[in-house]
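The residues of the chain are indexed from 1 along the displayed sequence.
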Amino acid sequence: MKMLINVPERVVEDALRGMAAVHPELTVDVANRVVVRRDAPVANKVGLVSGGGSGHEPLHGGFVGPGMLDAACPGEVFTSPVPDQMVRAAAAVDSGEGVLFIVKNYTGDVLNFEMAAELAAEEGIRVETVTVSDDVALAAGEGSGRRGTGGTLFVERLAGAVAEAGAPLERVTEVARRVADSCRSFGVALAPCSTPARGGPTFDLPEGELELGIGIHGEPGRERRGMMTSGEIADATVDALVNDLRPDEPVLVLVNGMGATPLLELYGYASEVMRALGERSVVPARTLVGDYVTSLDMAGCSVTLCPVDEELLRLWETPVRTPALRWGA
């Protein structure tokens, strides 16, 4: 596989150097692998910290800034960051109002963030943790539970908005947990991703087939089928989401590219998702289309739904200024 890299061992380090070079609004500690908003810690504000394996960009480092995260901890590709990174990030953003850890539900991430919370508490930092487990391709009680995927964006954005408004840690945690509990996601792969270390595909997907219900690390999906049209994929995806969620409120919609799906195709797919939602009487409140929670160069897409009331919609529309998501003043 041809990749735009120097050597596989330095992929994450080189990417962090790039972030440091082009985003002066961030403080990027390349050696310790922590990305922090430059004005942190912000006085009288709860700090938000997240992180996970690299390869899902712009998640999480691209979501550091006013209205979202205060810091992010990138691990090696598809590998959890270590507790020392998380503690360093928590210390960098703690204003005395406490810190919220937002964690995707993968065993390594969960264990390391748990250890980091204990270490941070020993340093006098109050920490709460919210775990995101939104992937409906897995049953809620299956194995270690559902994987954390696209819903993480909605948790980071809405919790970030309420934290930016000066809410206390208890309130920020309440909003984050409410959003995490209500989000649902479903992904589809048309072609596997390739990791720099491996230099080739992470799993085999024959020509003419696709995989329904994939994870963001190349985990197996729910089933394989022969190639389907964009409309057929949208119907299967929306059915999986709506049958699990059964929303009775308008929803935020994320139509997410997995890394190698052109926007031309993704917007065409978004039109089919909007049709499928309408046919099932689901009302989109706001929609994002693009690459936000990726899996390196995987060809495919995912859809995330997040029910919102007027309060959450107001939070969504407040200003946000990060490298990957920005609007408002």
What residues, two or more places apart in sequence or in another chain, satisfy side-chain contact (heavy atoms from CB on, under 4.5 Å) together with V87?
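With sequence neighbours excluded, V87 shows a side-chain contact (heavy atoms from CB on, under 4.5 Å) to A116, L119, E123, given in chain and number order.
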Distance in Å, [X] [atom1] paired with [Y] [atom2], rounded so as to fall on 0.5 Å steps:
X	Y	atom1	atom2	value
F203	I214	CZ	CD1	7.0 Å
E211	L205	CD	CG	6.0 Å
N256	L153	CG	CG	8.5 Å
R177	L100	CZ	CG	8.0 Å
E272	L277	CD	CG	11.5 Å
I216	H56	CD1	NE2	4.0 Å

Do the side chains of R280 and D235 get close enough for a salt bridge, i.e. N-O under 4.0 angstrom?
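Yes, charged N to carboxylate O under 4.0 Å.
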Hey, is R178 close enough to E174 for a salt bridge, meaning N to O under 4.0 Å?
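No, this pair does not count.
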Looking only at heavy atoms, what is the nearest atom pair of [X] and [Y], with distance?
X	Y	result
L16	P74	CD2-CG, 3.9 Å
G108	S80	O-OG, 3.4 Å
A324	P58	CB-CB, 3.4 Å
A71	A89	CB-CB, 3.9 Å
R222	A240	NH1-CB, 4.1 Å
A189	M298	CB-SD, 3.9 Å

Assess whether side-chain contact (heavy atoms from CB on, under 4.5 Å) is satisfied between V162 and R171, documenting all intermediate values.
CA-CA 8 Å; V162 74; R171 174 64 176 151; 4.2 Å; yes
Over 12 non-hydrogen atoms of neighbours within 6.0 angstrom of CD in E170:
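It does: E170 CD has more than 12 such atoms within range.
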Less than 4.5 Å apart, side chain to side chain, heavy atoms only: is that true for [X] and [Y]?
X	Y	result
L313	L252	yes
D109	P81	yes
D70	K45	yes
V282	V253	no
P323	L26	yes
P66	E164	yes
S302	T149	no
L312	V179	yes

Just by distance, do the side chain of [X] and the backbone of [Y] share a donor-acceptor pair under 3.5 Å?
X	Y	answer
T322	V64	no
D134	T152	no
S50	I102	yes
N243	D239	yes
T79	G53	no
R225	L210	no
R157	L315	yes
R37	V93	no
W327	T318	yes
E13	R10	no

Is it true that [X] and [Y] fall in one hydrophobic cluster, defined by side-chain heavy atoms closer than 4.5 Å?
X	Y	value
V303	L263	yes
V82	V77	no
F186	M228	yes
F63	M86	no
L266	L325	no

Which residue in the set R147, R146, R184 passes salt bridge (charged side-chain N to carboxylate O under 4.0 Å, His left out) when paired with D135?
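Single salt bridge (charged side-chain N to carboxylate O under 4.0 Å, His left out) partner of D135 among R147, R146, R184: R147.
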Which of parallel (below 30°), tilted (30 to 60°) and perpendicular (above 60°) describes Y106 and H217?
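Plane angle over 60°, so perpendicular.
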Parallel, tilted or perpendicular for F113 and F101, by the 30°/60° rule?
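If you compare the ring of F113 with that of F101, the planes turn out perpendicular.
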Report the C-alpha distance between D29 and V36 in whole Å, list the side-chain angles of each, state the deciding distance to 0.1 Å, and finish with yes or no for side-chain contact (heavy atoms from CB on, under 4.5 Å).
CA-CA 8 Å; D29 184 340; V36 183; over 6 Å; no
CA sep, side-chain torsions, deciding dist, call: L296, T202, side-chain contact (heavy atoms from CB on, under 4.5 Å)
CA-CA 11 Å; L296 293 170; T202 55; over 6 Å; no
From CA spacing to verdict: side-chain contact (heavy atoms from CB on, under 4.5 Å), M19, E57
CA-CA 12 Å; M19 288 194 75; E57 290 73 22; over 6 Å; no
Applying side-chain hydrogen bond (donor to acceptor under 3.5 Å, both in side chains) to T304 and Y292, what does each step give before you reach the verdict?
CA-CA 11 Å; T304 303; Y292 292 101; over 6 Å; no
How far apart are the C-alpha atoms of N105 and T131, what are their side-chain angles, what is the distance that settles it, and do they pass the side-chain hydrogen bond (donor to acceptor under 3.5 Å, both in side chains) test?
CA-CA 6 Å; N105 189 35; T131 303; 5.7 Å; no
